[in-house]
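Below is one structure; the comments refer to it alone.
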Amino acid sequence: MPPRPDLAPDSGLERAEMEALQREIADAAVFEDDFAFDPSTLGDPLAAASSPDDPPIVAGVDQSFLTNAEGEQDRALSAVVAMRGGEVIERVHAVTPLEIPYIPGLLAFREGGPILEALEALSVDPDLLLFDGSGRIHFRQAGIATHIGVVRDVPAVGVAKSLLCGSPRGDLENLAEGTRVPIEANARVDAPDGTLLGYAVQTRQYDSPNRYINPLYVSPGHRVGPDTAADIVLALADSYKLPEPVRLADSYADEAKRGLEE
DNA sequence: GCGACAG
DNA sequence: ATCTTGTCGC
């Protein structure tokens with residue numbers, strides 16, 4: 001399938017048009033595995049080294065916001081960190097003016113501009129994109145990971161720190177490290193009830209009885225199925241809760257922001 | 001009308 | 001997202 005620049009998020013659209021565009025995105029999206037690389041070689045340098053091909057390139061994407069003299073957020077900065085075999089091979093960022101406020105369900109229209117610009121600036125081309133936000137776990141099954149994944153036609157996964165919609169199939173408190181709980185569609189989602197949208201994934205957990213770490217909410221963006229998406233996030237989250245490419249994009253977004261403010 | 005709501 | 005100290009636990 002071809003890239004779909006014609007479906008890029010446009011912050012100038014009416015709200016109803018944005019939602020209609022998201023339904024198109026969901027229709028064009030592929031919520032199952034459709035990629036050539038071996039996901040087991042993503043984070044592990046050893047597996048990567050013993051593989052016949054070049055290890056796949058994974059890129060993490062995250063945003064930060066810049067404030068003007070009046071103290072208002074007026075620009076969005078998107079940071080992309082590309083890794084191969086566990087090593088950072090490139091970092092790029094882009095800044096664009098902020099056009100619309102944050103509206104749950106319409107995140108891609110607020111942050112899509114700088115993200116697409118930053119991805120253009122990347123000299124390598126990623127085999128997989130990891131986003132800070134939802135993919136299929138979205139009212140219209142078209143979260144930011146799905147939207148950008150379809151526009152670029154690159155396999156993509158959504159990694160959110162809180163749940164936008166859908167219902168967990170079980171208790172999410174104090175899950176064991178390495179485990180997952182299905183998130184299925186409910187009445188708030190534009191999909192048949194019970195549709196598997198993604199997983200709550202526990203990448204890290206304390207061993208003490210008192211406190212516990214909340215899970216991540218992982219969902220397919222494009223060309224990745226829900227189980228593989230969870231496998232990938234678990235494989236990429238070694239020492240921290242967030243998968244490494246996203247964690248590094250997160251800190252790079254802050255670093256680049258500071259560089260522009262000082 | 002009321003509640004729910006990624007970053 | 002962003003603004004920040006203290007505090008818990010290893």
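Quick note on labels: first sequence line is chain A, next is B, and so on, each numbered from 1.
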Taking any heavy-atom pair under 4.0 Å as a contact, classify A:T67: base, sugar-phosphate, or nothing. nothing

I'd like to know whether CD of A:E261 has more than 12 heavy-atom contacts from other residues, nucleotides or ligands below 6.0 angstrom. yes

Need one value for A:I144: base, sugar-phosphate or nothing, where a base atom within 4.0 Å counts as base even if backbone is also close, heavy atoms only. base

Whole-Å gap separating C1' (B:dG7) and CG (A:L242): 13 Å

Sequence neighbours excluded, the answer for ring pair (Phe, Tyr, Trp, His ring centres under 6.0 Å) partners of A:H138 is none

Rounded off to whole Å, could you give me the CD-to-C1' distance for the A:E261 and C:dC3 pair? 12 Å

Nearest-Å distance, CZ (A:R204) to P (C:dC10)? 14 Å

Are OP1 or OP2 of B:dA6 and a side-chain N or O of A:Y102 less than 4.0 angstrom apart? yes

Please confirm whether the backbone N or O of A:T67 pairs with a side-chain atom of A:E72, one donor and one acceptor, at under 3.5 Å? no

Residue pairs passing the salt bridge (Lys or Arg N to Asp or Glu O under 4.0 Å) test with at least one member in residues 217-245 of chain A, sequence neighbours excluded, are A:D34-A:R223, A:D153-A:R223, A:R180-A:D231, A:E244-A:R247

Out of C:dC10, B:dC5, C:dA1, whichever nucleotide has its closest atom nearest the side chain of A:D207: C:dC10

At under 4.0 Å between heavy atoms, what does A:L106 touch on the DNA or RNA strands: base, sugar-phosphate, or nothing? base

Nearest whole Å is fine: how far is C:dA1 P from A:D132 CG? 7 Å

Would you kindly give the CD-to-P distance between A:Q141 and B:dA6, to the nearest whole Å? 18 Å

Rounded to whole Å, please give me the gap between NZ in A:K161 and P in B:dA6. 11 Å

Give A:R188 one of three labels, base, sugar-phosphate or nothing, depending on what nucleic acid heavy atoms sit under 4.0 Å from its own. sugar-phosphate

Can you find a side chain N or O atom of A:K257 that sits less than 4.0 Å from OP1 or OP2 on C:dA1? no

I'd like to know if the side chain of A:R136 and the backbone of A:A142 have a donor-acceptor N/O pair within less than 3.5 Å. no

Whole-Å distance separating the CG atom of A:L107 from the P atom of B:dG7: 8 Å

With a 4.0 Å cutoff (strictly under), does any side-chain N or O of A:S162 reach OP1 or OP2 of B:dG7? yes

Nearest-neighbour nucleotide for the A:P104 side chain, B:dG7, C:dA1, B:dA6 considered: B:dA6

Which is more 5' along DNA chain C, the nucleotide nearest A:R211 or the one nearest A:D250? Just name the residue. A:D250

For A:E99 and C:dA1, give me the distance from atom CD to atom P, rounded to whole Å. 21 Å

